[in-house]
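Quick note: numbers below take in every heavy atom, side chains included, and nothing from hydrogens, waters or symmetry partners.
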Amino acid sequence: MINIPLQAIPNQSLSILLDQTNFDIRLFSCGQSLIAEANIMTITVYINNVLTVQNIRVVPGTPIIPYNYLITNGNFVLLTQDNSYANYEQFGVTQNLIYASQSEIRAIYASAA
């Protein structure tokens, strides 16, 4: 697994080559939810310049790319302390975006079975 460096800023874009695949990632802060009193973050991911997911909510511990058929070589997940909501001020401190390759994902599911 690879820790993807994020800046502690509300809106950001980054491009990264992982497993011979180009990923363009855009993270946006949508402000605070009145219901949950938590920050809402959304993410857009392009894989090899093809829009794969657009403006989906970042849910801690949940795969960013929600469907297996969209995954080329791996997937991302935001890990947070105590499964708290995404908060850009905590990126790189208590919150990290992690990339797992297909083989790492299979190993995780196999160990859970």
Side-chain angles (χ1 to χ4, degrees):
M1 289 187 227
I2 299 171
N3 184 23
I4 308 302
L6 296 177
Q7 299 176 48
I9 57 175
N11 303 314
Q12 58 191 289
S13 298
L14 61 102
S15 296
I16 191 164
L17 178 65
L18 300 163
D19 292 331
Q20 300 173 350
T21 303
N22 290 309
F23 293 95
D24 293 303
I25 300 169
R26 298 175 185 163
L27 277 161
F28 302 98
S29 174
C30 300
Q32 192 172 38
S33 165
L34 296 176
I35 298 169
E37 295 185 9
N39 289 321
I40 303 293
M41 299 287 302
T42 63
I43 192 166
T44 295
V45 178
Y46 290 82
I47 299 176
N48 293 326
N49 297 317
V50 175
L51 179 62
T52 305
V53 292
Q54 184 174 23
N55 295 329
I56 62 170
R57 185 173 178 183
V58 177
V59 178
T62 302
I64 298 295
I65 303 170
Y67 305 111
N68 285 336
Y69 75 91
L70 294 174
I71 300 170
T72 54
N73 287 332
N75 205 342
F76 300 89
V77 65
L78 183 73
L79 300 179
T80 66
Q81 184 175 332
D82 300 324
N83 282 332
S84 58
Y85 286 95
N87 179 350
Y88 67 87
E89 295 172 339
Q90 292 300 309
F91 287 169
V93 181
T94 63
Q95 301 186 3
N96 295 291
L97 184 64
I98 303 297
Y99 171 82
S101 68
Q102 281 286 52
S103 60
E104 290 169 327
I105 293 168
R106 282 192 291 274
I108 290 167
Y109 286 128
S111 67

Using side-chain heavy atoms (C-beta onward) and a distance below 4.5 Å, is [X] in contact with [Y]?
X	Y	answer
Ile16	Tyr99	no
Leu78	Phe91	yes
Phe76	Ile25	yes
Ser84	Gln95	yes
Thr80	Gln90	no

Query - Side-chain hydrophobic cluster, 4.5 Å single linkage: members besides Tyr46 - result: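 Members alongside Tyr46: Leu51.
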Is there a path of hydrophobic side-chain contacts, each under 4.5 Å between heavy atoms, that joins [X] and [Y]?
X	Y	answer
Ile4	Met41	yes
Leu6	Leu18	yes
Ile2	Ile47	yes
Ile56	Leu97	yes
Phe23	Leu14	yes

What closest approach, in Å, do [X] and [Y] show between heavy atoms, and which atom pair accounts for it?
X	Y	value
Val58	Ala86	CG1-CB, 4.3 Å
Thr42	Cys30	CG2-SG, 3.5 Å
Pro66	Val53	CD-CG1, 3.6 Å

About how many Å separate [atom2] of [Y] and [atom1] of [X], when rounded to the nearest 0.5 Å?
X	Y	atom1	atom2	value
Ile43	Gln54	CD1	CD	12.5 Å
Asn87	Ile40	CG	CD1	11.0 Å
Ile64	Leu27	CD1	CG	7.5 Å
Asn73	Ser101	CG	OG	8.5 Å
Leu79	Thr94	CG	OG1	11.0 Å
Asn55	Thr44	CG	OG1	4.0 Å

Test your reading of the model: is there a side-chain donor-acceptor pair from [X] to the backbone of [Y], 3.5 Å cut-off?
X	Y	value
Asp24	Ser15	no
Gln7	Gln12	no
Asn11	Ser29	yes

Query raised in the report: Can you check side chain to side chain contact (heavy atoms under 4.5 Å, CB included) on Asn3 and Ile98, steps first, answer last?
Result: CA-CA 5 Å; Asn3 184 23; Ile98 303 297; 3.8 Å; yes
